[in-house]
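Data first, discussion second: the structure below is written as structure tokens.
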Number of protein chains: 2
Amino acid sequence: MSTEDGFDFAALVAGGGDRPRTASEFVQRALRTAILEGRIPPGTPLRQEALAAAFDVSRMPVREALRQLEAQALLEFTPHKGAVVAELSAQDQADTYLIRRALEPVALARSIPHLTRDDLDRAEDLIADMDRESDHGRLGELNRRFHLSLYAHAGSPKLLRLVERQLTEHDRYLRFHLAMMGRDRMSQDDHLAMVAAAAARDIEAATVVLQRHIDVAAEDSARFFDR
Amino acid sequence: MSTEDGFDFAALVAGGGDRPRTASEFVQRALRTAILEGRIPPGTPLRQEALAAAFDVSRMPVREALRQLEAQALLEFTPHKGAVVAELSAQDQADTYLIRRALEPVALARSIPHLTRDDLDRAEDLIADMDRESDHGRLGELNRRFHLSLYAHAGSPKLLRLVERQLTEHDRYLRFHLAMMGRDRMSQDDHLAMVAAAAARDIEAATVVLQRHIDVAAEDSARFFDR
DNA sequence: CATCTGTTGATTGGATCCAATGTTAAGTCT
DNA sequence: AGACTTAACATTGGATCCAATCAACAGATG
């Protein structure tokens, strides 16, 4: 059954968390996390019929889910050809870092004055979790949650949603990156330094570290796409 | 016929530009521009049946269009209640400016070295067009195109898409803003200064003007939401 | 032999029908 | 009279069916 059509969609059906109220949302979430975690490789064509069968729904909720994911740039739609999981490209990856570098320091700077001791503790916990975690998919999520925890009090929901989105897209590349680099201790030093600077309410130091953190990650990752 | 259900959807049917290949896309574009240009007020409930009748299609392409617009944050979906045009809020507006201020200078700086004489001429043409234009809806589009024309050569498609999105969302507020302020000569001075700086390849000067331009617009607009 | 064309199969787009849910309003009971 | 229950309606969510489009392949023609 795993040689269906290049990918075993049935494996996606075990949706975690709270069961969504609508089938459309159910499909949307399952596909979304599957794509983000790299479980459906870029370029995979998404046949509506196959997905409908895998999720045991009709084609309609599948179509709605695909439309939503298209608007999130996770897949590409061609009028009468269907949907394909969006490709990863060096250009796209570079752009993601460019955007993160512009947005995240702003979020961090605005958030630092309002961070509580609890927030900082949780951030440190996440760093510890990352040290323990070995699965690449979950590591990306922990990294995302760590960054977001420091930006949480920026008081700009729209900015945060945007940053979150960039971080999730970054996940797709990070996963790819880690898979080739083996386990990395990454920039945990940077992470710790950021928390320390935040605790000291030193906005300047924290943003400098963050920018360098992103720049280094950008350079590292760029190498994997030089081909 | 204009007292249908609070809004005359039939007036949207005259879609400009190239006719889309699919009904879904047709509906999506029409609704999108209508919302952006403020022709459908925030908070308006979008009944699928009414839209389908107005566009002379079935409810299905309408549903797909609504899903896409939801993912673009132009309307809000509630499971069994339906879609409502997204509200404008002071917070959201402030966030939009925050994001623009972070992203646009980056795009401009990267684009300036590659701008051609033609690009600059077109930018100046757009400024002239804005002087002549009186309709608020179109003015917003011209303003958007002006900004984008200066960023066009940034070489970062993803960044540009994001900036374009912020500018279109900004349009909704700009329209609201202009409607109360009467005709304004706005920041055409800033626009001219930006083109001049770009022509001189003076990245520093251009980005400074742009940042101030955005800051001033942010402060101006914020007043209208103090209530 | 290459190219063009017509035909068949696969897949998506759209329409209609039915089920599920939410809302409203009437009616009943305290 | 006020609050709760329940029944009708309106609206959305989902399934199935049909039409339109695209891709692949076979055959004809230069």
Side-chain angles (χ1 to χ4, degrees), chain A residues 3-10 12-13 15 18-32 35 40 43-71 74-86, chain B residues 3-10 12-13 15 18-32 35 40 43-71 74-86:
Chain A
T3 63
E4 267 183 9
D5 190 19
F7 182 78
D8 179 19
F9 292 109
L12 305 177
V13 83
D18 45 352
R19 197 68 174 271
R21 326 262 322 254
T22 148
S24 167
E25 195 181 339
F26 171 63
V27 175
Q28 194 264 352
R29 285 197 206 173
L31 274 181
R32 177 183 158 83
I35 293 174
I40 310 181
T44 308
L46 299 174
R47 301 281 158 236
Q48 299 177 1
E49 196 88 36
L51 291 173
F55 290 110
D56 194 36
V57 294
S58 98
R59 263 180 51 213
M60 163 132 356
V62 171
R63 278 165 66 174
E64 286 190 342
L66 292 179
R67 286 294 183 190
Q68 288 178 282
L69 295 172
E70 179 206 16
L74 287 180
L75 47 87
E76 288 174 25
F77 233 90
T78 319
H80 287 87
K81 283 191 55 180
V84 177
V85 177
Chain B
T3 63
E4 267 183 10
D5 191 17
F7 183 78
D8 180 17
F9 292 110
L12 304 178
V13 83
D18 45 351
R19 197 70 172 273
R21 325 267 316 260
T22 150
S24 167
E25 195 181 339
F26 171 62
V27 175
Q28 193 264 352
R29 284 198 206 173
L31 275 180
R32 176 185 159 80
I35 293 174
I40 309 180
T44 308
L46 299 175
R47 302 277 159 238
Q48 299 177 0
E49 195 89 34
L51 290 172
F55 291 109
D56 195 36
V57 294
S58 97
R59 265 179 49 211
M60 162 133 358
V62 172
R63 279 164 65 173
E64 285 189 342
L66 291 179
R67 286 293 183 190
Q68 288 177 282
L69 295 173
E70 179 206 15
L74 286 181
L75 47 88
E76 289 174 24
F77 234 90
T78 320
H80 285 89
K81 285 192 54 179
V84 176
V85 177

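A note on names: the letters A, B, ... follow the listed sequences, proteins ahead of strands, and every chain is numbered from 1.
From B:L46, atom CG reaches atom CD1 of B:I35 across 6.0 Å, with rounding to the nearest 0.5 Å. Note that CZ of B:R63 is 9.0 Å distant from CZ of A:R63, once rounded to the nearest 0.5 Å. Atom-to-atom distance recorded for B:E76:CD and B:E70:CD is 9.0 Å, nearest 0.5 angstrom.
Atom CD in B:E49 sits roughly 10 Å away from atom P in C:dT16 (whole-Å rounding). Atom CZ of B:R21 and atom P of C:dT11 are 20 Å apart (whole Å). Counting to the nearest Å, the P atom of C:dA15 and the CG atom of B:L51 are 14 Å from each other. Taking atom CD of B:Q48 as the reference point, atom P of C:dT21 lies 16 Å away to the nearest angstrom. Distance A:L75 CG to C:dT12 P: 12 Å, rounded to the nearest Å. The interatomic distance linking A:R47 (CZ) with C:dA10 (C1') rounds to 9 Å, in whole Å. Following rounding to the nearest Å, A:E70 (CD) and C:dG13 (P) show an atom-to-atom distance of 10 Å. Here C:dG13 presents its P atom at 12 Å from CG of A:L46, a figure rounded to the nearest Å.
Residues B:M60 and A:M60 have side chains in contact (heavy-atom distance under 4.5 Å, counting atoms from C-beta outward).
Between A:V57 and A:A23, the closest heavy-atom pair is CG1-CB, 4.0 Å. The shortest heavy-atom contact between B:A83 and B:L75 is CB-CD1, 3.9 Å.
For B:R59 against D:dG13, a side-chain N or O and a base N or O form a donor-acceptor pair under 3.5 Å.
The side-chain contact (heavy atoms from CB on, under 4.5 Å) check on A:E25 picks up A:P20, A:T22, A:R29, with sequence neighbours excluded. Residues that satisfy the side-chain contact (heavy atoms from CB on, under 4.5 Å) test with B:Q28, not counting sequence neighbours, are B:R32, B:A65, B:Q68, B:L69, B:Q72. In this structure, the side-chain contact (heavy atoms from CB on, under 4.5 Å) partners of A:A71, at least two apart in sequence or on a different chain, are B:A71.
B:S58 has no side-chain polar atom (N or O) that falls below the 4.0 Å cut-off from OP1 or OP2 of C:dG14. Not one side-chain nitrogen or oxygen of A:T22 sits closer than 4.0 Å to the OP1 or OP2 atom of D:dT12.
Rounded to 10 degrees, the angle separating the terminal axes of the helix from C:dC1-D:dG30 to C:dT30-D:dA1 is 10°, with each axis obtained from five end pairs.
Shown for residues 77-84 of chain A: residues whose heavy atoms fall under 4.0 angstrom of DNA chain D, namely A:H80, A:K81. For the contact set between residues 60-67 of chain A and DNA chain D, defined by any heavy atom under 4.0 Å, the members are A:M60, A:P61.
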Test log, rule side-chain contact (heavy atoms from CB on, under 4.5 Å), inputs A:L31 and A:L66: CA-CA 9 Å; A:L31 274 181; A:L66 292 179; 4.0 Å; yes
